[in-house]
Amino acid sequence: MLQQRYERNIEERWQKTWDEEGTFRFDETDSTKPVYSIDTPPPFTSGELHMGHVLSYSFIDFIARYKRMQGFNVYYPQGWDSQGFPTEVKVEKKFGRLPPVQFREKCIEWTREFIARMRIQMQQMGFSPDWRFEYRTMEPDYHRKVQLSLIKMYADKLVYMSKYPVYWCPKCVSAIAKAELDDVEKDGTLNYIKFKGPDGADLVIATTRPELLHACIAVMFNPTDERYKSLEGGMITTPLGKEVPAIGDKDIDKEFGTGLVMLCTFGDKMDVVWMHRYKLRMIEGMDRYGKLLEAGEFTGKKADEAKKLILEKLDKEGKVVKKEPLKQSVKVHDRCGTGIELITSLQWFADIRTTAKNIKAMAERIGWVPDFGISYLIDWVESAEWDWVISRQRVFGTPLPFYYCEKCLATAAADSDNLPFYPEKARPKTCERCVTPMKPETSTCDVWVDSSITPLIISGWPDDEKRMQRLYPASLRPQGVEIVRTWAFYTIFRSGVALTGVPPWKQILLNGNVLATDGKKMSKSLGNIVSPSDLLRDYPADAIRQWAALSGAMAKDRPFSYEDIKYAKSFLGKVWNAARFVESSAKEDIRDAPALRMTDRWILGRLAVLTKECTEHLERFEYHYTMSKIQRFFWQDVCDNYLEYVKYRIYEGDDRAARYTLRKVMYDSIRLMAPFTPHISEEIYHELFGANESIQKAGWPDAGKEYKDDAARVSVLNEIVSQIRQHKSRNKLPQNAELESVRLSLPEDLDAELVSELKQISRVKNVVIVKGEFSVSAG
RNA sequence: GGGCCCAUAGUCGAUCGGUUAAGACGCCUGCUUGACAUGCAGGAGAUGCGCGGUUCGAUUCCGCGUGGGCCCACCA
């Protein structure tokens, strides 16, 4: 018996049953069913699922469940991106600074707890990964695989160590990659400062970073600028008394400031470009903590403090002409919000410049959904100017499996038969040139290094060749559109171009972000966050999942909608009550084909069309169309019309055709819904249809006959019934009120069956038909 | 400056170029009808951003403009 209402207890029960029965297990031994494998995103282990997770994992779950019903052997693992800076911050806050090995242990402990919490939330949403294949990037075996992948790339000269200016976060005291930068609008000051020209006359230069004066190596102007043409080849004296060359360059904006630029190593990216262009000497003006180097009396001061002090000093000397407020866009570290610097240090790089062409070519061999998604990657590849900095000066990360010689900077890879590599217990190695012990690298990998081999990890690489054959490339990579230039890009580069030569997936499906109801980004400061755990208190998982399906405009951001989710909840109520109606009126299965009536064939035809459309939409990942069509069909066609049409047959007789049709429509509907609303579908499947295994194994419905003639006849019937409903509504009559007679004016006569149905459905005693324009009047 | 996406009732929003432009939320009027008042029936509410073009016919296709959003570059 179906319980009175559809409630959370039903969902919890099914989640438990699925888990106990291993309903979602990938069958490793079955070789008959085609495999559908999903390279699921490993979420960062923050401890809390957010709406973006709910959206993207729902997208994954829909396709996994649909494919299972279609007879695929679905391989749906779930991993965790478990390492990284935010965890270090939290752990340090709680336990203080600890030696690296202990610190890492605390991080692992902490992360385990967070994973457990997130896994519960995923299960509450009804997601169906095969948890036997769970992986965590912080585990030694994962480290081993990442390290092996890097050693292979090192052997192919795709990974190297070099001293080069890199983006640097002084707070994290680590190199960071271009992809980790955010732009922030800031109120800055443009300071106009006096330099001396070759002739001894004042030259005013505008700068936002006077603290870098000591690292000034040139003064730049535009060669077409009449004011400064004569400077070419001359020497300029900085306010600190240093002489630097004046250089003309076309990239200088004549309109900005005074049209002169002081070039420092390194104020920003253009400084690096210009330094190389003119082969200038580099000054290491800043250390790892953002403190000035070789800056005379300001040495050791942090940049902000030094700026103040230098300006005060120059002011006193009368060298500051004016200060102008300026709106600046400043680059900050996306994880901690600290302003980044460019500093020179020894780092490890992966070659993305010479491989860019191959990455692009491989991306083109993958099916992008939606197709314009690839443009995000291509734009990014084409603007790649620097190689990817893969080293981070962190503790909770995968150690880079390399050694280097402090004397000659020669490098060596760790032995691939002795992985995972940890620097504190590394085998000794000797530099071949200097015959001195080499230093094991203590930097860790950028977390994208970890996550860019997930398609390999889930496919058994590098240990299980047979598994690899079966599972690689993955059928699908689902992911957020905002990480195309990181996760998708790095994965195609590493798993595809560098390690296997084969694209990592056949298709990639992109989803957008969930915005707050006001259309803005969800953020703590705006207080507009909607959280899955809050929603789960008021709405069943099957309602939240429908919301996700309805948000399905791919690769597009969409505001969260309480309207959708409320509607979804009432839809569940509708389905539930319809099922209870069927349960009370047609409990028994009917196997032989009864004599169907016009309305039966009509609804079965509608069902056939719906089934065909849903299948087509799902093949294209068009969840939004699928879900809204199911909702409309079930609510309007089935409940509002068909159910009302057959009530008289159910109540007044033992009508096999009606009972057969009701069951058939119900049975196929819950199967079509099952990828989206698995819990309610499962419950009805078991209670009403007496199933003893999961609806996941019930197969995907076949589209039956369309019955086009009956569709035409019933649309006439619908129209007349609607007119009679209007008449009752206008006359304040209940819809079940009996009418003495109805007069129909119609262009064509009605057949006897239609008239008979009409009389019963609308409770009319007499129907009079006359020829003419369509109209209905009652008396 | 470059690229991409978008523009439809108060709000959200709809797959082929073809009658009266879906549907949801909200609003209004009735109905406690033997699945469901978390419901049912009905109603009001849109010059489909502007201007051109293609076409027998454009909300739909194309161009330009305007206005949003996202990404990239630059910001001395």
Side-chain angles (χ1 to χ4, degrees), chain A residues 2 4-6 178 183 185-186 188 190-191 205-209 212 216 219-221 251-253 256-264 267-271 274 326-331 370 372-380 382-383 385 481-482 484-485 512-513 515 517 519 550-551 553-559 561-585 613 616-617 620 622 624-625 628-629 631-632 635-636 639-640 643-644 647 650-651 662 721-737 763:
Chain A
L2 292 166
Q4 186 86 24
R5 288 180 190 280
Y6 179 73
K178 189 182 163 191
D183 288 331
E185 279 290 324
K186 219 184 112 182
L190 191 57
N191 305 283
I205 293 180
T207 178
T208 54
R209 305 211 58 187
L212 292 176
C216 178
V219 168
M220 315 283 297
F221 60 93
D251 286 341
I252 307 296
D253 181 355
F256 191 91
T258 60
L260 289 173
V261 176
M262 81 173 196
L263 167 53
C264 309
D268 65 36
K269 195 189 114 186
M270 276 315 285
D271 291 344
W274 282 321
L326 179 72
K327 283 255 182 258
Q328 285 181 282
S329 161
V330 190
K331 294 204 185 303
F372 63 81
I374 195 176
S375 62
Y376 294 104
L377 184 121
I378 295 202
D379 287 353
W380 184 251
E382 285 176 350
S383 68
E385 298 170 292
V481 68
E482 76 284 1
V484 166
R485 64 183 205 198
N513 292 307
L515 304 174
T517 49
L550 293 170
S551 295
M554 281 170 296
K556 227 181 107 179
D557 294 352
R558 194 161 179 266
S561 159
Y562 278 103
E563 284 73 33
D564 283 354
I565 208 164
K566 277 184 198 151
Y567 184 74
K569 189 180 175 182
S570 0
F571 182 67
L572 292 174
K574 202 70 193 170
V575 171
W576 191 252
N577 282 307
R580 290 175 61 222
F581 176 73
V582 176
E583 186 181 47
S584 66
S585 57
E613 289 176 343
E616 286 166 5
H617 287 313
R620 286 184 244 126
E622 291 165 349
H624 173 263
Y625 295 140
S628 55
K629 277 184 180 173
Q631 288 177 341
R632 216 180 315 168
W635 202 317
Q636 293 180 8
C639 293
D640 293 345
L643 235 54
E644 297 301 325
K647 270 181 180 170
I650 294 290
Y651 294 143
L662 277 173
V721 169
S722 168
Q723 292 287 325
I724 295 171
R725 282 170 174 168
Q726 278 180 48
H727 173 266
K728 289 179 179 175
S729 183
R730 267 196 300 267
N731 292 284
K732 314 201 171 181
L733 294 166
Q735 287 300 322
N736 64 347
R763 304 203 63 184

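Throughout, protein chains are lettered first and strands after them, A, B, ... in sequence-line order, and every chain is numbered starting at 1. As the structure is a computational prediction, the values presented were derived from the model and not from experiment.
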Margin query: Between the side chains of A/Lys566 and A/Glu563, is the shortest nitrogen-to-carboxylate-oxygen separation below 4.0 Å, so that they form an ion pair?
Written below: no

Margin query: I need the CG-C1' distance between A/Asp271 and B/rC75, as an integer number of Å.
Written below: 12 Å

Note to self: Are the side chains of A/Tyr376 and A/Glu482 in contact, using a 4.5 Å heavy-atom criterion?
What the structure shows: no

Note to self: With rounding to the closest Å, how many angstrom separate the P atoms on B/rU60 and B/rC36?
What the structure shows: 46 Å

Note to self: Does any part of the side chain of A/Val721, heavy atoms only, come nearer than 4.5 Å to the side chain of A/Arg725, both counted from C-beta?
What the structure shows: yes

Item checked: Chi-based syn or anti call at B/rC16, which uses purine or pyrimidine torsion atoms and a 90° bound -> syn

Check: Counting any heavy atom closer than 4.0 Å, what does A/Leu643 reach on the DNA or RNA strands: base, sugar-phosphate only, or nothing?
Finding: base

Checklist line | Residue A/Gln735, side-chain heavy atoms: nucleotide from B/rC75, B/rA14, B/rA41 that is nearest | finding: B/rA41

Margin query: Using the C1' atom as the point on both nucleotides, what is the distance between B/rU55 and B/rG63, in whole Å?
Written below: 16 Å

Notebook entry, point to check: Are the ring centres of A/Tyr567 and A/Trp635 closer than 6.0 Å?
Noted result: yes

Check: When every nucleotide of nucleotides 4-9 of chain B is labelled 5' to 3' by its protein contacts under 4.0 Å (heavy atoms), B for base, S for sugar-phosphate only, - for none, what sequence of letters results?
Finding: SS----

Next item on the list: Please measure how far the P atom in B/rA41 lies from the corresponding atom in B/rG67, and state the result in whole Å.
Entry: 45 Å

Check: Between B/rC40 and B/rC62, how far is it from one C1' atom to the other, in whole Å?
Finding: 47 Å

Next item on the list: Quick one: pull up NE2 in A/His624 and CG in A/Asp564 and give me the separation to the nearest 0.5 Å.
Entry: 7.5 Å

Scan nucleotides 20-26 of chain B against the protein and return all N/O pairs shorter than 3.5 Å with their distances rounded to 0.1 Å.
none

Checklist line | Rounded C1' spacing from B/rU66 to B/rG30 in Å | finding: 46 Å

Notebook entry, point to check: In whole angstroms, how far is the P atom of B/rC31 from the CD atom of A/Gln726?
Noted result: 17 Å

Note to self: Any base atoms under 4.0 Å from A/Lys647, or only sugar-phosphate, or nothing? Heavy atoms, all strands.
What the structure shows: base

Note to self: Within the 4.0 Å heavy-atom criterion, would you say A/Lys186 contacts the bases, only the backbone, or no part of the nucleic acid?
What the structure shows: nothing

Next item on the list: Using the closest heavy atom to pick a nucleotide of RNA chain B for each, name whichever of A/Pro559 or A/Leu263 lands nearer the 5' end.
Entry: A/Pro559

Margin query: Please classify the nucleic acid contact of A/Ala206 as base, sugar-phosphate, or nothing, using heavy-atom distances under 4.0 Å.
Written below: sugar-phosphate

Next item on the list: Could you state the atom-to-atom distance from CZ of A/Arg763 to C1' of B/rC31 in whole Å?
Entry: 15 Å

Notebook entry, point to check: In Å, rounded to the nearest 0.5 Å, how long is the span from CE of A/Met220 to CG of A/Leu263?
Noted result: 6.0 Å

Checklist line | 4.5 Å side-chain heavy-atom contact, A/Ile205 and A/Val219 | finding: yes

Notebook entry, point to check: Just by modelled atom types, is the A/Val330 backbone N or O under 3.5 Å from a matching donor or acceptor in the A/Lys186 side chain?
Noted result: no

Notebook entry, point to check: So, do A/Thr517 and A/Tyr562 sit near enough that their side-chain heavy atoms are less than 4.5 Å apart?
Noted result: yes

Notebook entry, point to check: Taking for each residue the nucleotide of RNA chain B bearing the nearest heavy atom, is the 5' side occupied by A/Met270 or by A/Asn731?
Noted result: A/Asn731

Next item on the list: May I ask you to say what A/Ile252 touches in the nucleic acid, namely base, sugar-phosphate or nothing, with a heavy-atom cut-off under 4.0 Å?
Entry: base

Margin query: Say we look at B/rG57 and B/rC16: how far apart would their C1' atoms be, to the nearest angstrom?
Written below: 15 Å

Notebook entry, point to check: Out of B/rC75, B/rC31, B/rG42, which has the shortest distance to the side chain of A/Ser722?
Noted result: B/rG42

Notebook entry, point to check: Just how far, in rounded Å, is P of B/rA73 from CG of A/Asp251?
Noted result: 15 Å

Notebook entry, point to check: Got A/Asp183 and A/Ser329 here, is their nearest side-chain heavy-atom distance under 4.5 Å?
Noted result: yes

Margin query: In whole Å, measure the gap between the C1' atoms of B/rG13 and B/rU59 for me.
Written below: 14 Å

Next item on the list: Quick one: pull up OG in A/Ser584 and CG in A/Leu2 and give me the separation to the nearest 0.5 Å.
Entry: 10.0 Å

Margin query: By nearest atom, which of the nucleotides B/rA41, B/rC75, B/rC36 is closest to the A/Asp268 side chain?
Written below: B/rC75

Next item on the list: Check whether any side-chain N or O of A/Arg558 sits under 4.0 Å from OP1 or OP2 of B/rG13, and answer yes or no.
Entry: yes

Note to self: When the P atoms of B/rA44 and B/rA22 are compared, how many Å lie between them, rounded to an integer?
What the structure shows: 12 Å

Check: Within the structure shown, what part of the strands sits under 4.0 Å from A/Cys639 by heavy-atom distance: base, sugar-phosphate, or nothing?
Finding: base

Check: Is any side-chain N or O of A/Arg5 under 3.5 Å from a base N or O of B/rU38, one able to act as donor and the other as acceptor?
Finding: yes

Note to self: In whole Å, I'd like the distance from the CG atom of A/Leu515 to the P atom of B/rG68.
What the structure shows: 17 Å

Next item on the list: For residues A/Ser628 and A/Leu550, determine if any side-chain heavy atom of one lies less than 4.5 Å from a side-chain heavy atom of the other.
Entry: yes

Item checked: hbond_proxy A/Ser561 side chain to B/rC12 base (donor-acceptor, 3.5 Å cutoff) -> no

Next item on the list: Return the value, rounded to whole Å, for the distance between atom CD of A/Glu644 and atom P of B/rC40.
Entry: 9 Å

Notebook entry, point to check: Touch check for A/Lys574, heavy atoms < 4.0 angstrom, all strands: base, sugar-phosphate only, or nothing?
Noted result: base

Notebook entry, point to check: Within this structure, what is the NZ-to-C1' distance between A/Lys732 and B/rU33, rounded to whole angstrom?
Noted result: 18 Å

Next item on the list: Answer yes or no: is there a side-chain heavy-atom contact under 4.5 Å between A/Lys331 and A/Lys269?
Entry: no

Check: Does A/Leu643 reach the side chain of A/Leu662, with side-chain heavy atoms less than 4.5 Å apart?
Finding: yes

Notebook entry, point to check: Looking for any heavy atom pair under 4.0 Å, which part of the strands does A/Trp274 touch: base, sugar-phosphate only, or nothing?
Noted result: nothing

Notebook entry, point to check: Which ranges of RNA chain B pair up as stems, where a stem means three or more consecutive Watson-Crick or G-U pairs with both distances under 3.5 Å?
Noted result: B:1-7 with B:66-72, B:10-12 with B:23-25, B:27-31 with B:39-43, B:49-53 with B:61-65

Check: Is there a donor-acceptor contact under 3.5 Å from the side chain of A/Lys728 to the main chain of A/Ala737?
Finding: yes

Margin query: Counting only side-chain nitrogens and oxygens, does A/Ser729 get under 4.0 Å of the OP1 or OP2 atom of B/rU29?
Written below: no

